[in-house]
Amino acid sequence: MRFDHCLGTLAPVPCGSAAKFEALAMMTGVVTLFARTESAAPPTAVTGLDLTVYPHLVAAFADPGARRPDLFDRTLRGLLTALLYD
């Protein structure tokens, strides 16, 4: 069973089982979110809105910058560190 294997992997981590359960649940949610985002259709265009009232949002979407390739790794590392080593 995958869950048992994950708990075995976390065996050396010095925290209680409750923290490990929480970490595994959160990790599963984050992985699912990333997978769904990668496989999702492009967003639908929004029309008919007065976007001038949101200048910062418009600017951010106009130039989002390069996608950071390490986002998935950084997210999981940060999440697991915060939940297991706090």
Side-chain angles (χ1 to χ4, degrees):
M1 172 191 236
R2 181 179 62 89
F3 195 72
D4 184 68
H5 177 75
C6 291
L7 286 173
T9 301
L10 293 176
V13 177
C15 66
S17 294
K20 292 176 184 180
F21 292 153
E22 291 170 359
L24 291 173
M26 292 294 292
M27 187 176 69
T28 299
V30 168
V31 169
T32 301
L33 176 66
F34 271 83
R36 286 184 179 167
T37 301
E38 286 295 317
S39 65
T44 306
V46 178
T47 58
L49 294 177
D50 178 13
L51 296 179
T52 60
V53 296
Y54 306 106
H56 303 291
L57 187 59
V58 170
F61 278 107
D63 184 18
R67 186 170 185 204
R68 296 178 65 178
D70 63 340
L71 179 60
F72 181 75
D73 291 338
R74 285 185 304 110
T75 301
L76 285 184
R77 285 180 198 280
L79 176 68
L80 292 174
T81 299
L83 291 172
L84 296 173
Y85 296 100
D86 187 28

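Bear in mind the structure is a predicted one, so any value in this text is a computation, not a measurement.
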Do the ring planes of Phe72 and Phe34 sit parallel (below 30°), tilted (30 to 60°) or perpendicular (above 60°)? perpendicular
Nearest-0.5 Å distance that lies between atom CG in Leu49 and atom OG1 in Thr47: 7.5 Å
Tyr85/Leu80 under side-chain contact (heavy atoms from CB on, under 4.5 Å): CA gap, chis, key distance, verdict: CA-CA 8 Å; Tyr85 296 100; Leu80 292 174; over 6 Å; no
Gap separating the CZ atom of Arg2 from the OG1 atom of Thr9, nearest 0.5 angstrom: 11.0 Å
For Tyr54, run the side chain to side chain contact (heavy atoms under 4.5 Å, CB included) check against Asp50, Thr52, Leu57 and tell me which one passes. Leu57
Looking at CG of Leu79 and CZ of Arg77, how far apart are the two atoms once the value is rounded to the nearest 0.5 Å? 12.5 Å
Are Val30 and Leu7 connected into the same hydrophobic cluster when the rule is that any two of I, L, V, M, F, W, Y join if their side-chain heavy atoms are below 4.5 Å apart? yes
Are Leu71 and Phe61 in one and the same hydrophobic cluster, where Ile, Leu, Val, Met, Phe, Trp and Tyr link if side-chain heavy atoms are under 4.5 Å apart? no
Taking all atoms of both residues into account, what is the closest heavy-atom pair of Lys20 and Leu10, and its distance? NZ-O, 3.0 Å
Exceeds 12 heavy-atom contacts within 6.0 angstrom, atom CE of Met27: yes
Can you establish whether the number of heavy atoms outside Arg74 located under 6.0 Å from its atom CZ is more than 12? yes
Ignoring hydrogens, what is the shortest heavy-atom contact between Cys6 and Leu24? Give both atom names and the distance. CB-CD2, 3.5 Å
Kindly give the heavy-atom pair with the smallest separation between Leu84 and Ala19, and that separation in Å. CD2-O, 3.7 Å
